Amino acid sequence: MSFSVIHLEFIAVGALWTIGLSAIAFIGGSLLGFLLALARIGPSALLRAVASFYIQIVQGTPLLVILFLIYFGLAIIGLDRLPAIVAAGAGLVIYASAFLAEIWRGCLQSVPKTQWEAAECLALSRWQRMTRVILPQAMRIATAPTVGFLVQIVKNTSLASVVGFVELAQAGKLVNNSIFQPFTVFIIVACFYFIICYPLSAWSRSLERKLNVGRR
């Protein structure tokens, strides 16, 4: 059997699932990561310690292990196994949150100390200082590295196949197992990854150049 339009459509559907899983990971990881970043620079020593411990554990654990623990670990302790999309999404959200938290913590702390002090002199509350003074400046710094990390999320969705989720890489593997044309199949898979990732990489570089110019 040779490569056909049906096989191409199957791989294209896998690419759509890759985009969807990446969106879940990025949105969920952003929400949790933002809270972790705030906790890391907050006044509570307990929250700082808990957030730091979480980040160190997640960053020190391979994503593959996180996915295995979520998908198979619940079954070991007697709970129902999660659907593949839920397990893959949860694992990637946990992974993304730890790295985004550190990216954003660094960006928040890179805002000059004088800006924090000036906001305090204006008698603004902590929430007002953060939302009106610090966050707008930190977002400008964080945009480029955040978009760059999104590319890594897209690539790491390929590990979701270990829990049975059929994304782009797994779709290519399944097609290859049926027609045994690895060169053709995985060249097409690579092209799909390039189509997804290259615009993000180019956007990240463009943002970095613009923001660097803006800070001169």
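Model, not experiment: these values are computed from the prediction.
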Exercise answer: donor-acceptor pairs, residues 14-42 side-chain atoms, under 3.5 Å, sequence neighbours excluded:
residue	atom	partner	partner atom	Å
Thr18	OG1	Gly14	O	3.3
Thr18	OG1	Leu168	N	2.9
Ser22	OG	Thr18	O	2.7
Ser30	OG	Phe26	O	2.5
Arg40	NE	Glu102	OE2	3.3

Any side-chain to backbone donor/acceptor pair from [X] onto [Y]? Under 3.5 Å, distance only.
| X | Y | value |
| --- | --- | --- |
| Asn176 | Val185 | no |
| Ser206 | Ala202 | no |
| Ser110 | Cys107 | yes |

As an exercise, state the distance from CG of Asn177 to CD of Gln170, rounded to the nearest 0.5 Å.
8.0 Å
Looking at [X] and [Y], what are the two nearest heavy atoms and their distance?
| X | Y | answer |
| --- | --- | --- |
| Ala88 | Val163 | CB-CG2, 4.2 Å |
| Val111 | Gln115 | CG1-CB, 3.8 Å |
| Leu63 | Gly91 | CD1-O, 3.8 Å |
| Thr146 | Ala142 | OG1-O, 2.7 Å |

Can you list the other members of the hydrophobic cluster that holds Val50, where links are side-chain heavy atoms under 4.5 angstrom apart?
Leu46
So which pairs with a foot in residues 152-164 pass side chain to side chain donor-acceptor pair (under 3.5 Å), sequence neighbours left out?
Tyr95-Asn156
Where at least one partner belongs to residues 54-77, residue pairs that pass side chain to side chain donor-acceptor pair (under 3.5 Å), sequence neighbours excluded
Ser52-Gln56, Tyr54-Ser97
With sequence neighbours excluded, what pairs up with Glu9 under the side chain to side chain donor-acceptor pair (under 3.5 Å) test?
none
ILVMFWY cluster, Tyr198 and Val154 together (side-chain gap under 4.5 Å)
no
With sequence neighbours excluded, give me every salt bridge (Lys or Arg N to Asp or Glu O under 4.0 Å) pair touching residues 12-35.
none
